[in-house]
Amino acid sequence: MATSATPSPVPTGSDNSFARVFGVIFSPKPTFASIAQRPTWIVPLLLVIVVSLVVVAVFSQRVGWRNYMIRQNQQSSRAQKQMEQMTPEQREQMLDQQTKYAPIVTYIAIAIVTPIIALIIAAVFMGIFKVSSGSNMRFATSLGIVTYSWVPGIIAALLGILILLIKDPATVDLDHLVASNAGAFASEDSAGWLITLLTSFDIFAFWTMLLMAFGYSVTDRKKISFGKALTTIVVVWVLYTAVKVALKAVFA
């Protein structure tokens, strides 16, 4: 007597948070499907924070902040005007203060601002997809998608650490450790707003947006297609980039 074959279950990603970190790279669809069903977010968020702190620590040790702050001052017309009104001693004192506090401020910003940014992005896209698609997405699901989509940033940071360890410290540019965006190839005398615009066209940023599109599209395939998710994410990115460039042009 013939027996009907039992259909194989649809493969799903692992519930293990560390396995999901690798899963979003090698098998994003099943991994994000698993995240949508059983959201987690702490591990990828902590990894982003930790590797970012390590980048800053290695940069502080190998390169130092003085040349970086000099470059930042040179690229800011407001800083240039302020320094023109100072004596050489005052300029040196200001530079010493900037060099002293820059790493401290950066450490604090990474530890505090990174989780805030994740929460904001997750809330924004959850709201957009609820309104535009009638999705019943939970906030934890949106947060899980956002944080796991940041895995390319972890890879970029690890590459940055490697570059810091092997490259001549005098040639290191903290803003473009990995030459993954057009801004890394712009001349130093380019306008600040132009460098900001070119830097936005980043391979790892585009990778992140693709992963986010995979993630949001599996939350409700009937309401959110991959194309719709990607279009929504790109539109938000364009608006954010436009605002960032405009602010740089006005306040630089």
task = Just say parallel, tilted or perpendicular for the rings of Tyr68 and Phe59, cut-offs at 30° and 60°.
result = perpendicular
Parallel, tilted or perpendicular, as decided by the 30° and 60° cut-offs, for the rings of Trp237 and Phe201 = perpendicular
Might you confirm whether atom [atom1] of [X] has over 12 heavy atoms from other residues, nucleotides or ligands at distances under 6.0 Å?
| X | atom1 | result |
| --- | --- | --- |
| Phe18 | CZ | no |
| Gln97 | CD | yes |
| Lys29 | NZ | no |
| Gln61 | CD | no |

inquiry  = Between Trp65 and Pro103, is there a side-chain heavy-atom distance shorter than 4.5 Å?
reply    =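 Pro103 vs Trp65: side chains touch.
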Note, Leu177 side chain near Leu164 side chain (heavy atom, < 4.5 Å) = yes
For the residue pair [X] and [Y], what are the closest heavy atoms and their distance?
| X | Y | value |
| --- | --- | --- |
| Ser200 | Lys244 | OG-NZ, 3.4 Å |
| Val48 | Ser52 | O-OG, 2.7 Å |
| Ser133 | Lys228 | OG-NZ, 2.8 Å |

If hydrophobic clusters are built from ILVMFWY residues whose side chains come within less than 4.5 Å, do [X] and [Y] share one?
| X | Y | result |
| --- | --- | --- |
| Ile145 | Val131 | no |
| Val235 | Val243 | no |
| Leu239 | Met126 | no |

task = Dump the intermediate steps for side chain to side chain contact (heavy atoms under 4.5 Å, CB included) on Phe226 and Leu230, then the final yes or no.
result = CA-CA 6 Å; Phe226 174 79; Leu230 183 59; 4.1 Å; yes
Can you tell me how far the [atom1] atom of [X] sits from the [atom2] atom of [Y], to the nearest 0.5 Å?
| X | Y | atom1 | atom2 | answer |
| --- | --- | --- | --- | --- |
| Phe204 | Leu159 | CZ | CG | 5.5 Å |
| Arg91 | Ile70 | CZ | CD1 | 12.0 Å |
| Phe129 | Ser217 | CZ | OG | 9.0 Å |
| Phe125 | Ser135 | CZ | OG | 13.5 Å |
| Gln72 | Leu174 | CD | CG | 8.5 Å |
| Gln85 | Met83 | CD | CE | 12.0 Å |

Just checking, is any N or O donor in the side chain of [X] or [Y] under 3.5 Å from an acceptor N or O on the other one?
| X | Y | result |
| --- | --- | --- |
| Ser190 | Ser187 | yes |
| Asn73 | Gln82 | no |
| Tyr216 | Ser142 | yes |

task = Might you work through the side chain to side chain contact (heavy atoms under 4.5 Å, CB included) test for Phe26 and Thr31, ending with a clear yes or no?
result = CA-CA 9 Å; Phe26 299 107; Thr31 301; over 6 Å; no
query = Does Lys248 reach the main-chain N or O of Thr196 with its side chain, forming a donor-acceptor pair under 3.5 Å?
reply =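 No: the side chain of Lys248 does not pair with the backbone of Thr196.
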key: Donor-acceptor under 3.5 Å (Thr141 side chain, Met137 main chain)   =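 No, because the side chain of Thr141 does not come within donor-acceptor range (under 3.5 Å) of the backbone of Met137.
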key: Lys/Arg N to Asp/Glu carboxylate O, Asp15 vs Arg20, below 4.0 Å   =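 Yes, this pair counts.
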request  = Decide salt bridge (charged side-chain N to carboxylate O under 4.0 Å, His left out) for Asp96 and Arg66; before the verdict, give the C-alpha distance in whole Å, the side-chain angles of both, and the deciding distance to 0.1 Å.
outcome  = CA-CA 8 Å; Asp96 288 340; Arg66 189 173 185 85; 2.9 Å; yes
task = Evaluate the criterion ring-ring contact (aromatic ring centres under 6.0 Å, His included) for residue pair Phe32 and Tyr148; output intermediate values, then yes/no.
result = CA-CA 9 Å; Phe32 277 114; Tyr148 278 100; 7.3 Å; no
